[in-house]
Structure formats: C-alpha cells, structure tokens
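Worksheet for the structure shown next.
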Amino acid sequence: DMKVTQMPRYLIKRMGENVLLECGQDMSHETMYWYRQDPGLGLQLIYISYDVDSNSEGDIPKGYRVSRKKREHFSLILDSAKTNQTSVYFCASSLYRVNQDTQYFGPGTRLLVL
Amino acid sequence: KTQVEQSPQSLVVRQGENCVLQCNYSVTPDNHLRWFKQDTGKGLVSLTVLVDQKDKTSNGRYSATLDKDAKHSTLHITATLLDDTATYICVLIDRGSALGRLHFGAGTQLIVIP
C-alpha cells in the first residue's frame, strides 16, 4: 500500500523555538517535496529533493531548511520559528520529477507558532 | 508567472444533484492538468489527469475536460454523495519546468447536504 506519512500531525511551538517536521515514504520514490497550505491560497512549494543530499529551493524557502539523508525520509526544519510560519505543511513524493508522473501526498502537519 | 484561478470559491449542493467546478489558468504553454480531492484535515488525492490539447476523462462519477486554447478546465461531479464534501484543487503541471513544478489553485470547497 503506497503511503506518505508525516509526523507529528499537530504541533504547537513558541516563537523562536526550533521545529522539526518529518516525512516518510515507502515507495522508493526519488523526488520528495515540502509545501505549505494557507487559507485562500494554493499550496506553495518550499523545497524539492531529487534524491539523497540533492535539494533545491522552491518558491518560498526563506526561514526553512531541509535534510534528506535517506531516500525514504525527508525533513523540514524551522530554525527559530516565526508566527507567520503557522500553517499546514504537506509532504509529497513522486517516482521521478512530477512532470512525468503523479505526486502522492501525506496527511499534513498542522503547526501553530505562538 | 503562472496563475491558477478556481471558481466558485465554495459551493453547496443537495445530495443527488450534479455540480461543475471551474479552473482557469494563465501562461505555461506546455502543461498537463490534474484535479485533486482534499478531505478536511487530509492530504490531496488525485482524481484525474488531463493531457491533450482538448481532453476529456472520466472516473466514475467524476468527469473532467481540458481546453488548452482557452486555458480552461472543468470538473463535473454527477449524483453527488455526502462523501463528496471536500475541497477540490486544480493543479497545473508545468512540463517545461526543469524542477518539476506544480501550480496550485486555491480550491473549491464543496459541501453536499442531505
């Protein structure tokens, strides 16, 4: 059963704290993505990873960094979280780059930064 | 910059009725278009992908059209069920993008009432 998992599902942090969001996939997909979703806006791409240690900035990378040390695992890190980073974060994966095939999405992590 | 506009923003229908969701986009001459369903608090699930210059697809009670000349797509839902309550998101797949970019609409929130 093809699956993208995200942990935690819900998280509350204070401004200035560090945040680690984890994503895993069991499909051996090369490409993984982090997005954020805010009310009234479409999903915005934060980072893409094409394979282990091969990451590229998306449209809104400022304030975020990523880590991919294993193909099946992709982390999003917020160093010193800000209130405007309150959002729902989605991880996705695709076998190759998305213009060749579909993306599979995780259930999302709801982050509240106070 | 590619933009994806969806209408209506929200829609309420009675169970059993049909409905049509619209998606208009700009720029990106070489594209595919995908419709996703997002249940509340969940990730995105692909419903269908449209590829050809004038394309039509069907997936059970869901059918979709694409007209690349008009830069317009529609998603038809026939005989709606309560479980169709969700946000439907139109996504443009930029096949010319080396990064494999997706451009997301903000979604149409569909509510099906008994």
Side-chain angles (χ1 to χ4, degrees), chain A residues 1-10 21 23-25 29-51 54-61 87-111, chain B residues 1-10 21-51 57 59 62 64 73 86-109:
Chain A
D1 190 23
M2 297 180 289
K3 205 170 180 181
V4 177
T5 57
Q6 291 186 236
M7 290 292 289
R9 294 293 315 279
Y10 304 92
L21 304 184
C23 175
Q25 49 97 0
H29 282 176
E30 282 188 355
T31 309
M32 297 185 74
Y33 312 78
W34 276 107
Y35 296 92
R36 62 178 284 174
Q37 184 180 38
D38 299 296
L41 298 177
L43 271 72
Q44 300 177 81
L45 179 65
I46 304 172
Y47 268 94
I48 301 176
S49 174
Y50 297 111
D51 212 327
S54 179
N55 307 317
S56 290
E57 294 181 346
D59 297 318
I60 52 164
S87 188
V88 182
Y89 291 87
F90 286 97
C91 175
S93 73
S94 60
L95 183 58
Y96 303 116
R97 297 187 187 194
V98 74
N99 52 9
Q100 298 179 35
D101 69 308
T102 191
Q103 283 187 336
Y104 294 86
F105 284 83
T109 294
R110 291 183 177 272
L111 173 66
Chain B
K1 182 180 177 181
T2 298
Q3 290 188 319
V4 181
E5 303 285 342
Q6 291 189 244
S7 62
Q9 199 169 15
S10 61
L21 284 56
Q22 314 280 352
C23 177
N24 291 285
Y25 60 91
S26 61
V27 195
T28 313
D30 184 15
N31 61 269
H32 294 166
L33 191 142
R34 193 178 286 272
W35 283 93
F36 285 88
K37 178 185 179 187
Q38 184 180 25
D39 291 315
T40 301
K42 302 282 182 67
L44 282 68
V45 176
S46 177
L47 294 174
T48 190
V49 62
L50 298 142
V51 173
T57 62
N59 177 11
Y62 300 102
S73 177
T87 298
Y88 292 83
I89 299 175
C90 169
V91 182
L92 202 65
I93 302 161
D94 185 352
R95 301 184 73 247
S97 166
L99 293 179
R101 290 289 177 87
L102 301 184
H103 303 275
F104 290 81
T108 292
Q109 185 180 16

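Below, chain A is the first sequence line, B the second, and so on; all start at residue 1.
- Residue contact with chain B, scored on non-hydrogen atoms closer than 4.5 Å, involves the backbone and the side chain of A:L43 alike.
- With sequence neighbours excluded, the residues that form a side chain to side chain donor-acceptor pair (under 3.5 Å) with A:S49 are A:N55, A:R68.
- The choice from A:V88, A:D38, A:D59 that makes the most heavy-atom pairs within less than 4.5 Å of chain B is A:D59.
- At distances below 3.5 Å, at least one donor-acceptor pair connects side-chain atoms of B:Q6 with backbone N or O atoms of B:C90.
- For A:Q6, no part lies near chain B; criterion is any non-hydrogen pair under 4.5 Å.
- A donor-acceptor pair under 3.5 Å is formed between the side chain of B:S26 and the backbone N or O of B:Q3.
- B:I89 touches chain A through its side chain: at least one heavy atom from C-beta onward sits under 4.5 Å away, while N, CA, C and O do not.
- No part of B:Q109 comes within reach of chain A, as not one of its non-hydrogen atoms sits under 4.5 angstrom from that chain.
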Residues A:Y33, A:S94; criterion side-chain hydrogen bond (donor to acceptor under 3.5 Å, both in side chains); working and verdict: CA-CA 9 Å; A:Y33 312 78; A:S94 60; 2.9 Å; yes
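- The shortest side-chain heavy-atom distance between B:L21 and B:S7 does not fall under the 4.5 Å cut-off.
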